[in-house]
2 protein chains.
Amino acid sequence: MIALPDRDPRPPAGQPRRADARRNRERLVEQAKVVFAESGADASLDEIARRAGVASGTLYRHFPTRLDLVEAVLAGQVSGLVRLGRELLTDEDEVEALITWLRAALRHGLTYRGLSAAVLNSALDRDDDPVSAWHAEVFEVGTALLARARRSGAVVADAVAADVLKMVGAIAWAAQDDPAQADRLLTLLVNGLRHP
Amino acid sequence: MIALPDRDPRPPAGQPRRADARRNRERLVEQAKVVFAESGADASLDEIARRAGVASGTLYRHFPTRLDLVEAVLAGQVSGLVRLGRELLTDEDEVEALITWLRAALRHGLTYRGLSAAVLNSALDRDDDPVSAWHAEVFEVGTALLARARRSGAVVADAVAADVLKMVGAIAWAAQDDPAQADRLLTLLVNGLRHP
DNA sequence: CGCTAAAATGAGGCACAGTCCGGTTGGTGG
DNA sequence: CCACCAACCGGACTGTGCCTCATTTTAGCG
């Protein structure tokens, strides 16, 4: 019998053991932001690796799938969105709170050329599959805000959070390079939510 | 000076001169429908050529760009949509006519796994670029139906056809494999269109 | 310092887009 | 019926991107 090292073999996610690994990871995310902003959600991963001064194998070691990289890119933004949502839950005007949050979600969806819209949508589909932790949080906050607005009576009763979020994602995708139009479309959505 | 043949060198679009060419073109469109339905808008063109029993060069001869092939695939459907729209223009209930047509447009957007939704959206963007003739027709019919519904007073005044169509495309894209959700989202849109 | 596990490298296999040229063929005029 | 040629086709080829894996490098511990 050979004794295995009993130290936990798993490094915490997003925080590799060795210094060089941490460095490379950072550079990758950094360049990914640039390239995604330039070329949208289906930018070349090899290109990102190239710009980060790293071989492609290294990129795949840190981010096995494209989605993993995207998550890393969006992480900060998303947690901000969740935080805002929680704050808005204590806002006086329930409907206004919902609208404000939806607007923020739309802005978020528009970043990186509709990148996050694509992710949001694909994430909303397979809800069993643990695609990501933060998507569940977004969903939860959205549900809470919507429920509150509904209770106030100014929002139609049969609106479901999944639908509303999907719609925001759809708007972000469709109007990804026309923010003014995105705004108008969101207004249309909000109108549809109000009680007749 | 050498006399050039004075016959018009351009065959009518979609109707090549030679019998084998016509045959191949048909088989390509036929198989394209199958493959697009299976794999969505970014299916492999090589695969389509393979299934049609034709070399890839032949595919590109008939359809220089992916969009050209897509147009050929959708042509019939789209003209049906336009025809329906024109008929609905004489319908008594202006709002109901609009809704019916939007529903048909959504159904159309859902075919071939959101293929046409993707096309519709990219087409709606560059309106100067002569992407396709039929897209202009769809837009025209949509505009007419919307204007009529607006005149009846039951639809908000500031709704623009470009926005509404974009929204339908967005819904089709987002809910491409959940027709029930697509329906609910369309209802949300229609709600937003109604006068408060 | 050495040693080892962690990490990085980069060539290579595979799939797809799109181009191009040499060979083939449909159909027309004689 | 046949010869001819423009129209057409095949398929090899280039380029790009995704992703894997055997090999080499290196950080950091003892």
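Here is the naming used below: chain letters follow the sequence lines, and residue numbers restart at 1 for every chain. Basis for what follows: all heavy atoms, side chains included, without hydrogens, waters or symmetry-related copies.
Atom CD of A/Glu26 and atom P of C/dA8 are 13 Å apart (whole Å). Taking atom CZ of residue A/Arg66 and atom C1' of nucleotide D/dC18, one finds them 9 Å apart after rounding to whole Å. Taking atom CG of B/Leu59 as the reference point, atom P of C/dG18 lies 10 Å away to the nearest angstrom. With rounding to whole Å, A/Arg23 atom CZ is found 13 Å from D/dG28 atom C1'. Distance CD (A/Gln15) to P (C/dA7): 12 Å, rounded to an integer number of Å. For B/Tyr60 and D/dC13, the OH to P distance is 18 Å, given to the nearest whole Å. Rounded to an integer number of Å, the gap from B/Arg50 CZ to D/dG10 P is 14 Å. The CG atom of B/Leu69 sits 15 Å away from the P atom of C/dC16 (whole-angstrom rounding).
Judged purely by distance below 3.5 Å, without hydrogens or angles, the side chains of A/Gln77 and A/Ser116 never pair a donor atom with an acceptor atom.
Annotation: salt bridge (Lys or Arg N to Asp or Glu O under 4.0 Å) contacts involving residues 86-98 of chain A, sequence neighbours excluded, comprise A/Arg86-A/Glu137, A/Arg86-A/Glu140.
A side chain to side chain contact (heavy atoms under 4.5 Å, CB included) with A/Leu185 holds for exactly one of A/Val190, A/Ile171, A/Asp178, A/Val168; it is A/Ile171. For the side chain to side chain contact (heavy atoms under 4.5 Å, CB included) with A/Asn24, the lone residue among A/Val29, A/Val54, A/Leu59 that qualifies is A/Val54.
Each of A/Asp20 and B/Val54 lies near DNA chain D, and the nucleotide nearest B/Val54 is the one positioned closer to the 5' end.
Listed pair A/His62 / C/dA7 fails the phosphate criterion, with no side-chain N or O lying under 4.0 Å from OP1 or OP2. For B/Arg61 and D/dC8, the shortest distance from a side-chain N or O to OP1 or OP2 is below 4.0 Å. Contact between the side-chain N/O atoms of B/Asn24 and the OP1/OP2 oxygens of D/dC8 is not found at any separation under 4.0 Å. The side chain of B/Arg17 contributes no N or O atom lying less than 4.0 Å from OP1 or OP2 of D/dC8. Checking the phosphate oxygens (OP1, OP2) of C/dA5, no side-chain nitrogen or oxygen of A/Arg18 falls inside 4.0 Å.
The distance from the CZ atom of B/Arg66 to the CG atom of B/Leu115 is 9.0 Å, given to the nearest 0.5 Å.
With distances taken from any side-chain atom of B/Thr58 to the nucleotides C/dT9, D/dG10, D/dT20, the minimum falls on D/dG10.
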Please step through salt bridge (Lys or Arg N to Asp or Glu O under 4.0 Å) for the pair B/Arg51 and B/Glu38, ending with a clear verdict.
CA-CA 13 Å; B/Arg51 292 214 205 171; B/Glu38 278 176 22; 2.9 Å; yes
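Near-neighbour residues of DNA chain C inside residues 31-49 of chain A, defined by a heavy atom below 4.0 Å, are absent.
The shortest heavy-atom contact between A/Ala43 and A/Val35 is CB-CG1, 3.5 Å.
Each end of the helix from C/dC1-D/dG30 to C/dG30-D/dC1 gets its own axis from five base pairs, and the two axes differ in direction by 10°, given to 10 degrees.
A salt bridge links B/Glu47 and B/Arg50; the closest N-O separation between the charged side-chain nitrogens and carboxylate oxygens is under 4.0 Å.
Proximity of a side-chain donor or acceptor of B/Asp68 to a complementary backbone N or O of B/Thr65 within less than 3.5 Å is detected.
Linking ILVMFWY residues whenever their side-chain heavy atoms come closer than 4.5 Å, directly or via other members, leaves A/Ile48 and A/Val34 in distinct clusters.
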